[in-house]
Amino acid sequence: MLDINLFREDPDRVRAGFELRQMGSGVVDEVIAFDARRREIIQQSETLKAERNTVSKQIGQMRDAAERAPLIESMRAVGEQIDALDGQLRQVEEELNALMDTLPNLPDPRVPVGAGEEENVVIRTVGQIPEYDFEPKPHWELGPELGIIDFERGAKLSGSRFYVLNGAGARLQRALIAWMLDLHIRQGYEEKYLPFMVRTETVYGAGQLPKFADNLYRDHEEDFYMVPTAEVPLTGLYMGEIIEEDDLPLRFTAYTPCFRREKMSAGRDVRGIKRGHQFDKVEMYAYTTPQDSEAALQKMLSDAEETCALLGFTYRINQLCTGDLGFGAEITYDIEIWAPGCGEWLEVSSVSNDGDFQARRGNIRYRPEGGGRVQLPHTLNGSGLGLPRALIGVLENYQQADGSVIIPEVLRPWMGGVERIEATG
RNA sequence: GGAGGGAUGGCCGAGUGGACGAAGGCGGCUGUCUUGAAAACAGCUGUGGGUUUACGCCCACCGGGGGUUCGAAUCCCUCUCCCUCCGCCA
């Protein structure tokens, strides 16, 4: 959520930010109008409350009932006025909040200006696009041929966008998860095991509601949402709390499955395991002071890069332009790995600084060293790689002419010594 | 699933209608004392909102929401969470 003070004090900056995001800036005036109305009502209501408090105290000190009666009578009338004003106030605040909830974060000034995806900027590419002396296959051919991906039975169980991993395929994914978590722990993140179902307020606090309600799975009976990313519970961890500055930065890593309805992507990426309703991800997350968040962003980006580098992937860093930035993000870098079978760059990680946007929404604060007013920390999130896509990367990059797949060195300790996946005929 | 008990400030803990934003203790900060520290003593020590050039003033908040009342931490309703016992289960 944006700071309401920004609308009062520097509305042009907000307008400019919204325009960079390719959205209308007319809402700014709406917000300002609601805010003015809100304060007007508050002033009226509080003046009456102050009067009522004073008189009620007097009443309490009077012993004579006849003397009290007229005061009680007039305060009853004041109370009715207060109730009416507070009713109006509640309504205005509801409308204001509903509006604020739909407004995205403002882009960092360094973010390249652009209308959409096409105008993202590749800021560096690491490694060469590999040459093969055979025709590399896409994973949706390799997987079934090796017997490690079963699309048919996945669909039989749950429909489209579901699959089953068999044997070494399932184990390879588990190896990736375990290896990544251990890597992030070495990089200074604390591992968390989190609930995969969370309540409405948690999803709201992370900024996923109401904007992304359509993309979430929900248990109506218990009012739980299935997490769409570990970022949601990781943000929720400190909701409503005050963190001591001394404890910052807090860095966490967590493996969770992620559940997404993908209604917006109907018909897109239906082939293979690139985009499913259920996928696994290892996430990194950090809470920092505003001064430290840029450094934390760079660290998180390089931590995610290290994951790709150690797996031997060719990858590139793509900086999102203003028009492609996610709802809560001020600045975002995507990491894309080269998948020779599909013949495309696959987004495996997205590293963002959300500034104080999530913190304000989730009411997460920190107390500065040596006391003083509590302040809003910055929050950052980044994928330590989405699993199905990392798995695609391994399968397609490490495939051999005979159709087998070599297991990358770093993963072998988790593969029980298996060095290669071969078709068992 | 059944029965009961709880939720108060950073922490512990008192408080059953007006003098309670809240006793007392712990912790923290400041000062006195001290060469320094400790001890002792004194003072300060919550969050959000409105208003003000400012000092300040005002409003709200005792798990969340609603109600009764001139007035609610205190009475009523409701929700959430925690604890104990029984049953069931991995």
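These values consider heavy atoms only, across backbone and side chains, with no hydrogens, waters or symmetry-generated copies. Labels below follow one simple rule: chain letters A, B, ... track the order of the sequence lines, proteins then strands, and each chain is numbered from 1.
Computed from coordinates, the E244(A) CD to G27(B) P distance equals 17 Å when rounded to whole Å. Separating the CD atom of E201(A) from the C1' atom of G63(B) is a distance of 13 Å, rounded to the nearest angstrom. Rounded to whole Å, atom P of G27(B) lies 19 Å from atom CG of D246(A). Between the CE atom of M62(A) and the P atom of G71(B) there is a distance of 15 Å, given to the nearest Å. In this structure, D83(A) places its CG atom 13 Å from C1' of C70(B), rounding to the nearest Å. As rounded to whole Å, 11 Å separates atom P of U80(B) from atom CZ of F224(A). Separating the CZ atom of R199(A) from the P atom of G65(B) is a distance of 15 Å, rounded to the nearest angstrom. The nearest whole Å value for the distance from the CD atom in E51(A) to the P atom in C58(B) is 15 Å.
C79(B) and G2(B) have their P atoms separated by 13 Å, given to the nearest Å. Nucleotides U45(B) and G21(B) place their C1' atoms 13 Å apart, quoted to the nearest Å. C26(B) sits 32 Å from C59(B) when the C1' atoms are compared, rounded to a whole Å. Between A42(B) and U69(B), the distance separating the two P atoms is 47 Å to the nearest Å. Taking the P atoms as reference points, U80(B) lies 24 Å from C12(B), given to the whole Å. Using C1' as the reference atom, A73(B) and C20(B) are 8 Å apart when rounded to the nearest Å. Atom P of G66(B) sits at a distance of 28 Å from the matching atom of C83(B), rounded to the whole Å. When the P atom is used for both A23(B) and U16(B), the distance is 15 Å, rounded to whole Å.
Judged as a side chain to side chain contact (heavy atoms under 4.5 Å, CB included), and not counting sequence neighbours, the contacts of D12(A) are D10(A), R15(A). Contacts of D356(A) classified as salt bridge (charged side-chain N to carboxylate O under 4.0 Å, His left out), with partners at least two apart in sequence or in another chain: R360(A). Evaluation of the side chain to side chain contact (heavy atoms under 4.5 Å, CB included) rule for I72(A) yields I59(A), R68(A), R76(A) as partners, not counting sequence neighbours. Judged as a ring pair (Phe, Tyr, Trp, His ring centres under 6.0 Å), and not counting sequence neighbours, the contacts of Y238(A) are Y287(A).
With both pairing distances under 3.5 Å, A23(B) is matched to nothing as a Watson-Crick or G-U wobble pair. Using N1 to N3 plus N6-O4 or O6-N4 for Watson-Crick, or N1-O2 and O6-N3 for G-U wobble, each under 3.5 Å, C62(B) pairs with nothing. Pair check for C88(B) finds none; no Watson-Crick or G-U wobble contact set falls under 3.5 Å. Under the Watson-Crick and G-U wobble criteria, each requiring two contacts below 3.5 Å, nucleotide C55(B) is left unpaired. Within the shown strands, nothing qualifies as a pairing partner of A39(B) under the Watson-Crick or G-U definition with both distances less than 3.5 Å. In this structure, G9(B) makes no Watson-Crick or G-U wobble pair, since no nucleotide meets both defining distances under 3.5 angstrom.
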Check: residues 375-383 of chain A side-chain donor-acceptor pairs under 3.5 Å, at least two apart:
| unit_1 | atom_1 | unit_2 | atom_2 | d |
| --- | --- | --- | --- | --- |
| Q375(A) | OE1 | Y366(A) | OH | 3.2 |
| H378(A) | ND1 | S293(A) | OG | 2.9 |
| T379(A) | OG1 | Q358(A) | OE1 | 2.7 |
| S383(A) | OG | S350(A) | N | 3.1 |

Going by atom type alone, with no hydrogens or angles, which donor-acceptor pairs under 3.5 Å involve a side-chain atom of residues 191-210 of chain A and a protein atom two or more places apart or on another chain?
| unit_1 | atom_1 | unit_2 | atom_2 | d |
| --- | --- | --- | --- | --- |
| T200(A) | OG1 | D223(A) | OD1 | 3.4 |
| T200(A) | OG1 | D223(A) | OD2 | 3.1 |
| Y204(A) | OH | D101(A) | OD1 | 2.7 |
| Y204(A) | OH | D101(A) | OD2 | 3.2 |

Sequence neighbours excluded and cut-off under 3.5 Å, please list the side-chain donor-acceptor pairs for residues 387-395 of chain A, or say none.
| unit_1 | atom_1 | unit_2 | atom_2 | d |
| --- | --- | --- | --- | --- |
| R389(A) | NE | K274(A) | O | 3.1 |
| R389(A) | NH1 | E347(A) | O | 2.9 |
| R389(A) | NH2 | K274(A) | O | 3.3 |

Side-chain donor/acceptor pairs under 3.5 Å, residues 83-91 of chain A, sequence neighbours excluded:
| unit_1 | atom_1 | unit_2 | atom_2 | d |
| --- | --- | --- | --- | --- |
| D86(A) | OD1 | S45(A) | OG | 3.0 |
| D86(A) | OD2 | K49(A) | NZ | 3.3 |
| Q88(A) | OE1 | R37(A) | NH2 | 2.9 |

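For N53(A), a side-chain nitrogen or oxygen approaches OP1 or OP2 of C59(B) to under 4.0 Å.
Under the side-chain hydrogen bond (donor to acceptor under 3.5 Å, both in side chains) test applied with R110(A), the options E330(A), Q319(A), E294(A) reduce to a single match, E294(A).
K137(A) and E145(A) are joined by a salt bridge, as a carboxylate oxygen and a charged side-chain nitrogen come within less than 4.0 angstrom of each other. Ion pairing of D35(A) with R39(A) is present here, as a side-chain N (NZ or NE/NH1/NH2) and a carboxylate O approach within less than 4.0 Å.
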Practice task
Encode nucleotides 47-53 of chain B as B, S and - characters from 5' to 3', where the letter depends on protein heavy atoms closer than 4.0 Å: B to the base, S only to sugar-phosphate, - to neither.
Solution key: SSBSS--
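Between R90(A) and K49(A), it is K49(A) whose nearest contact on RNA chain B lies nearer the 5' terminus.
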Enumerate the protein-to-nucleotides 18-20 of chain B contacts in which both atoms are nitrogen or oxygen and the separation is below 3.5 Å.
| unit_1 | atom_1 | unit_2 | atom_2 | d |
| --- | --- | --- | --- | --- |
| G18(B) | O6 | R68(A) | NH2 | 2.8 |
| G18(B) | N2 | S56(A) | O | 2.7 |

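Judged by distance alone, the side chain of Q278(A) and the main-chain N or O of G276(A) form no donor-acceptor pair under 3.5 Å.
Looking at residues 71-79 of chain A, you'll see I72(A), M75(A), R76(A) sit with a heavy atom under 4.0 Å from some atom of RNA chain B.
Applying the side-chain hydrogen bond (donor to acceptor under 3.5 Å, both in side chains) test to residues at least two apart or on different chains, the pairs with a partner in residues 243-256 of chain A are Y255(A)-D280(A).
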